[in-house]
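Working notes, beginning with the structure itself.
Convention: sequence-line order gives letters A, B, ...; per-chain numbering from 1.
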Amino acid sequence: MTFSPQLEARFATLLASYPPGRERSAMIPMLLYAQDELGSVTDELIAEVARRTGVTPLQVDEVISYYTMLRRKPAGKYHVQVCTNVSCLLRDGDRLFEHACQKLGIENHGVTADGQFSIEEVECMGACSWAPAVQVNYEFHHDVTPDKLDRLLDELKEKR
Amino acid sequence: MLYNPPSPLETKVLSRRFGLPDSAAIGTYLATDGYQAFLKASKMTPAQIIDEIKASNLRGRGGAGFPTGMKWSFVPRTSPKPKYIVVNGDEGEPGTCKDRVLMENDPHSLIEGCLIAGLAVDAHAGYVYIRGEYRYLIEILEKALAEAYAKGWLGKNIQGTGFDFDLYAHTGAGSYECGEESALLESLEGKRGVPRIRPPFPAVSGAFQCPSVLNNVETFCAVPHILLGGGKAFADLGVPKAGGTKLTALSGHINRPGVYELRLGFPVRQLIEEVGGGIPNGKKLKAFIPGGSSCPILTAAECEGATMDYDSMASRKSMLGSGGVIIMDEDTSMVKVGLRLMRFYSHESCGWCIPCREGTTWLTKIMTRFYDGNGSRADIDLLGDIAKNMLGRTFCPLGDAAALPMISLVEKFRDEFEDYLKGKRREETSGRLVTV
Amino acid sequence: MPDPVKFTIDGLALSAPPGTSVIDAAKKAGIEVPSFCYYEGLTLVAACRMCLVEVEKMPKLMTACTLPVAEGMVVRTNTPQVHTARKYMLEFLLTNHPLDCPVCDKGGECELQDMAFRYGAGESRYTETKVHTPEKQFSPVVFFDAPRCILCYRCVRVCDEGMGVKALGVVSRGVVSEIAPNHGDHLECDECGACIDICPVGALTSGTYRYQTRPWEMTHVGTICTHCSDGCKTTLGTRNDRILRGNNRDRSGINGEFLCIKGRYGFDFYDHPDRLQAPLVRKDGKLEEVSWSEALAAVANKFQQVLGEEGSFGIIGSNHTTNEENYYLQKFARQVLGTNNIDHHRTGDVVTTLDALSGKTGKLATVADLYRAKAVLVLGADLALEHPLLSFQIRANYRHHQAHVYVVTANPVREDKYAAAVVRGRDYASLAARLKAEPDLAILFDDSYKGDDIRAVVEFGEQLGIPVKYVPLVDRSNSRGAVDMGLTPELLPGYQPSGQPGLHYDEMAAADLSVLWVVGANPLKAGASRKAGFLVVQDMFLTETAAQADVVLPAACAYEKNGTVTSGTGELQRIERAVNTMGAKADLEIIGYVAREMGAAAKMGPWTPDAVFQEIRGAVRGYNVPMPVLVTGGAAGTTPINGRVAADARPDLVRSDHNGLFASGTLGRYSKILNSVVESRQSR
Ligand SMILES: Cc1cc2nc3c(=O)[nH]c(=O)nc-3n(C[C@H](O)[C@H](O)[C@H](O)COP(=O)(O)O)c2cc1C
Ligand code: SF4
Ligand code: FES
């Protein structure tokens with residue numbers, strides 16, 4: 001399987017970061033970084049990561065299915081994650097989430113028909129003092145109101 | 001850079017560089033006593049370093065509050081195995097967002113803390129485990145690491161001291177349980193975030209089954225200050241059995257949410273009223289979570305006279321926890337809060353042990369039904385009973401973390417649960433809470 | 001030995017070696033501490049929380065499985081707090097359990113049922129919907145019903161740790177965590193079924209046994225597996241004269257509860273539709289079913305006639321039949337038919353090994369020795385495939401005692417993964433320095449070592465200066481017994497020289513004998529045509545050889561008769577009849593009837609297994625074993641000789657079939673299960 005030179009370089013650094021014989025330690029970062037490039041964790045990627053880290057594909061699968069950020073199906077180009085955990089909830093994070101669903105016309109874990117957006121209700125993302133919080137891909141958006149979210153989503157729509 | 005306007009009531013020790021231009025850059029760090037603590041420590045014996053930490057009365061900032069100096073002294077110095085430093089930057093506890101601010105604004109203090117810990121226990125490599133959601137911090141930290149390598153503050157023979165140390169950033173991928181120290185170590189080894197049987201504790205068998213020092217980000221960040229200013233001075237900032245300051249994240253119904261550095265023992269009233277600017281719209285306080293969602297919830301009455309330290313919270317049968325203060329006003333629906341919290345714990349339970357896996361799920365289902373208006377009085381007792389029978393019987397403390405808030409909710413807010421049954425909901429709910 | 005630790009459990013003053021867990025200490029004292037996830041021999045997971053106990057000075061209940069006893073420790077297992085904890089744990093466990101005991105295979109022998117019965121939770125306050133996922137078929141022999149699974153991880157551990165296969169894992173997390181197979185929707189593994197046996201509930205069920213019976217309706221018969229030479233005890237569950245399952249949950253036998261696919265499922269050849277049920281006699285060129293008396297008379301008359309004409313006899317015996325049958329057959333050949341033309345397919349050079357070890361005692365390793373040896377050297381064999389029990393023992397030895405395992409094989413083998421050193425090829429001598437440093441050693445070698453190779457191995461072993469024991473590997477269930485019983489032209493029972501060696505196996509198949517009598521073998525397998533004037537075959541199936549016979553006598557299989565067999569490691573065990581057969585007779589009985597027809601009954605003596613065995617005890621050195629061990633189902637070590645073997649060992653005649661996990665000579669061909677798993681179609 002071929003990856004971009006940047007990702008290959010990253011893999012190389014990762015594999016060298018752990019004591020000899022501990023290549024398996026690189027598995028989770030490798031999967032996440034590769035997912036960023038590929039959009040999801042594919043069967044091919046599982047086999048490749050298993051090979052490079054010296055484990056069985058089942059061992060990779062055990063890991064993927066444990067971690068919520070690793071996904072087997074591609075998300076939208078913009079993956080919108082709205083926190084509704086308690087600090088955000090107290091600041092209407094749940095309403096914000098419902099608003100986002102309505103705005104995008106999809107439900108939790110859904111992807112818009114054009115593949116541009118996907119949405120996920122997430123657990124606490126560590127933005128409690130700036131609640132409610134949204135992450136789009138890896139970017140944080142703080143103190144988000146429905147208006148702010150509309151503007152953000154509209155901007156992203158334009159960007160396509 | 002993420003940071004909120006400071007409060008005059010803060011005691012700026014760990015956060016003293018916040019707000020400086022380019023606060024994360026090594027130049028800024030070096031210009032403000034950066035890495036001087038390491039140089040000082042490099043001339044001390046490991047025992048002296050650990051004594052200094054002990055003198056500081058520093059207690060772990062990850063939630064459990066274990067004395068840091070003592071933890072470091074458990075690392076078997078004579079073990080032939082390599083030793084490791086592991087930083088817990090998983091910060092998954094709802095209500096907590098202070099490690100993020102530290103790493104973003106002052107990553108070099110974390111690196112320096114690791115170096116000093118390395119000197120203290122003869123470790124030459126370390127890993128900073130950062131939750132997957134904090135991807136941008138990986139970039140910030142990797143930049144800081146590169147700077148430190150470039151300037152000779154990491155790598156071989158650091159600044160001619162003869163001490164070698166390598167530090168790596170490692171990302172998680174979405175799991176609260178991976179903040180639990182032994183689950184974190186499993187995750188660091190490329191496995192599912194299932195905790196380990198303890199003992200052995202990480203000090204004896206941690207990363208790669210080697211002796212390891214595992215602490216919270218804030219704990220490590222406090223170390224350079226302790227070495228520079230002396231353990232005693234740090235201890236004096238706090239209360240008799242817990243030294244120093246605590247980064248406190250204020251969230252929920254509060255006018256000035258944010259992360260503030262306050263002396264341990266800071267009065268709760270003053271925290272809410274003065275630091276946080278009170279509750280919006282002049283509403284009254286209803287409930288107070290002192291340190292992340294896993295702590296038993298305090299009522300307004302229980303907050304009277306409370307101070308932000310381990311003993312004061314323990315005397316109220318709660319915990320200081322991780323410094324994530326969540327404030328709820330009089331209109332908050334405790335049923336809704338309870339449901340949301342149980343959903344969180346059942347979603348995050350690793351599933352390894354029966355009482356946590358089945359208990360959190362059961363609690364969530366009852367709470368969901370209750371919230372949907374199909375509850376009964378018996379459910380209220382059942383909720384408390386289930387939670388009490390999870391308590392202390394799970395494999396790791398996540399089960400307790402779910403049980404404690406549940407117990408406190410049904411015990412302290414029972415009236416509200418009963419009213420809810422009678423149809424008196426505290427607020428217009430916006431449909432049902434979607435399942436995560 | 002360090003001093004024992006003193007402590008009390010439920011007021012009993014006890015002591016145990018340091019490091020003993022409270023759960024083990026309690027069990028030893030007769031105090032039951034319930035558990036699901038704790039399993040002797042597997043790593044600790046402390047997941048089920050059933051074993052919580054009260055310990056003085058400890059604030060919380062502690063898991064007895066992970067808690068080592070300590071001096072002065074005061075443990076209580078019988079307090080209200082402990083009872084409540086157990087009851088709640090069960091209530092938690094049952095919340096998402098389907099409670100489908102009436103239709104569950106495990107009903108009646110389910111640990112969850114037993115626990116609920118004993119510790120409460122008969123009533124549940126759970127009224128929510130349950131998590132449900134449909135049942136899955138992992139392989140022809142393994143089915144998985146996730147809702148019944150209690151996540152004790154025994155299956156995952158036994159597959160990884162016990163079998164060294166790692167075919168099962170856990171996917172997802174929290175309440176939807178699930179056991180998953182290694183190939184997406186199916187398993188590719190040894191198909192040993194250990195996961196099914198070890199499952200405390202009905203989550204993993206057996207493809208062959210499911211929905212066949214309730215466990216209490218079965219009769220259980222402990223016997224010895226009839227496939228390879230490892231000698232595993234398999235307990236056959238039977239009902240209405242049908243074998244419904246095999247397992248060894250009572251851990252009797254040298255294998256404990258270990259069984260491979262052959263031992264657990266491979267009994268199914270016994271009721272294959274092609275099984276012979278009546279004697280056949282060739283009439284007008286065609287084999288026709290006849291009565292037993294007609295067939296026996298035909299054989300006896302022919303034998304008498306040839307004896308009278310001073311014609312020639314050849315007798316080929318089996319490495320599957322019992323010691324009694326083999327002994328009786330060679331006695332018949334030598335005393336009634338007056339010939340040394342008797343042989344069997346030899347699968348390991350036992351004779352040279354014994355000769356090379358002459359004058360030394362205690363040199364043959366037992367299965368138990370392989371678990372205790374500090375070091376093990378494997379020469380040539382792919383143990384995991386050909387000797388699954390021995391491989392399992394060595395792996396367990398490594399896991400439990402960190403034994404050093406040295407591998408010298410042509411190709412990669414499973415032992416490589418944990419071996420202290422691996423040599424590809426045959427250069428075991430390069431390990432000399434390391435082996436000399438070991439406290440003791442067991443050496444196993446297969447048929448790629450024979451004759452002088454074995455003498456060299458023994459010489460090498462004896463020069464190491466440490467105690468060394470040996471295992472000459474053979475491949476069939478009674479290969480070892482066949483040699484011991486003198487089923488060769490050059491040796492009589494007990495390795496006494498026959499003086500005048502007759503024809504051997506291949507020679508007999510190719511010779512113009514007046515009569516060739518084949519008992520449980522298939523010498524014409526490769527398609528050769530018979531040369532003998534008269535061919536008598538005793539077998540279960542119409543093999544290539546039987547198809548050419550003049551008389552075919554349907555034989556009982558190992559699960560239909562009594563007797564003894566000797567494992568590859570020289571351990572003598574009894575086989576027990578589990579079911580009766582329609583039409584067929586045990587080989588011993590057939591031989592006895594032929595003797596009777598010929599009027600030689602008095603000369604031959606009674607043909608009951610017990611009587612013949614008593615004769616063997618007197619006649620075969622090393623077989624005078626203590627009877628209580630045998631009759632209680634134990635394994636008795638045999639030491640057949642301790643002196644030079646005064647005959648040519650004929651290493652040139654030794655060749656193993658190297659059957660792997662999914663093959664077993666003729667029997668394997670008729671086992672539906674062995675042929676149904678995907679692995680049997682792959683390269684093994
Ligand atoms: C379920 C659970 C989650 C935890 N999450 C975190 C976390 O995100 N960050 C953290 O520092 N400690 C967390 N902890 C506490 C750690 O187990 C550990 O006590 C801490 O990292 C030790 O560092 P300290 O002594 O510096 O506090 C968690 C504990 C549990 C039981
Ligand atoms: S308490 Fe048990 S199931 Fe829950 S997270 Fe810990 S180990 Fe996993
Ligand atoms: S036996 Fe101890 S936790 Fe399962």
Is any side-chain heavy atom of Asn389(B) less than 4.5 Å from a side-chain heavy atom of Glu91(C)?
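No, their side chains stay 4.5 Å or more apart.
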
Is Ser349(B) close to Arg173(C) at the side-chain level, that is, under 4.5 Å between some pair of heavy atoms?
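Not in contact.
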
For [X], I'd like to know if atom [atom1] has over 12 heavy atoms of other residues, nucleotides or ligands within 6.0 Å.
X	atom1	result
Phe117(C)	CZ	no
Glu40(C)	CD	no
Phe208(B)	CZ	yes
Lys27(C)	NZ	no
Lys130(C)	NZ	yes

Taking atom [atom1] of [X] and atom [atom2] of [Y], what is their separation to the nearest 0.5 Å?
X	Y	atom1	atom2	answer
Trp362(B)	Ser124(C)	CH2	OG	5.0 Å
Arg393(B)	Met62(C)	CZ	CE	14.0 Å
Arg125(C)	Asp381(B)	CZ	CG	10.0 Å
Leu382(B)	Thr127(C)	CG	OG1	7.5 Å
Thr361(B)	Tyr126(C)	OG1	OH	7.5 Å

Heavy-atom pair of closest approach, residues [X] and [Y]:
X	Y	value
Phe92(C)	Ile354(B)	CB-CG2, 3.8 Å
Leu44(C)	Ile197(B)	O-CD1, 3.4 Å
Asn96(C)	Glu358(B)	ND2-OE1, 2.7 Å
Val175(C)	Arg357(B)	CA-CG, 3.6 Å
Leu151(C)	Gly351(B)	CD1-O, 4.1 Å

Chain B contact via Val170(C) - which portion, at a heavy-atom distance below 4.5 Å:
both

With a 4.5 angstrom heavy-atom cut-off, which part of [X] approaches chain C: side chain, backbone, both or neither?
X	answer
Thr360(B)	neither
Arg196(B)	neither
Ile366(B)	both

So Tyr153(C) and Trp352(B), would you call those rings parallel, tilted or perpendicular, with 30° and 60° as cut-offs?
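Because their plane-to-plane angle is under 30°, the rings of Tyr153(C) and Trp352(B) count as parallel.
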
Output the residues of residues 179-187 of chain C for which the shortest heavy-atom distance to chain B is under 4.5 Å, in residue-number order; output 'none' if no such residue exists.
none

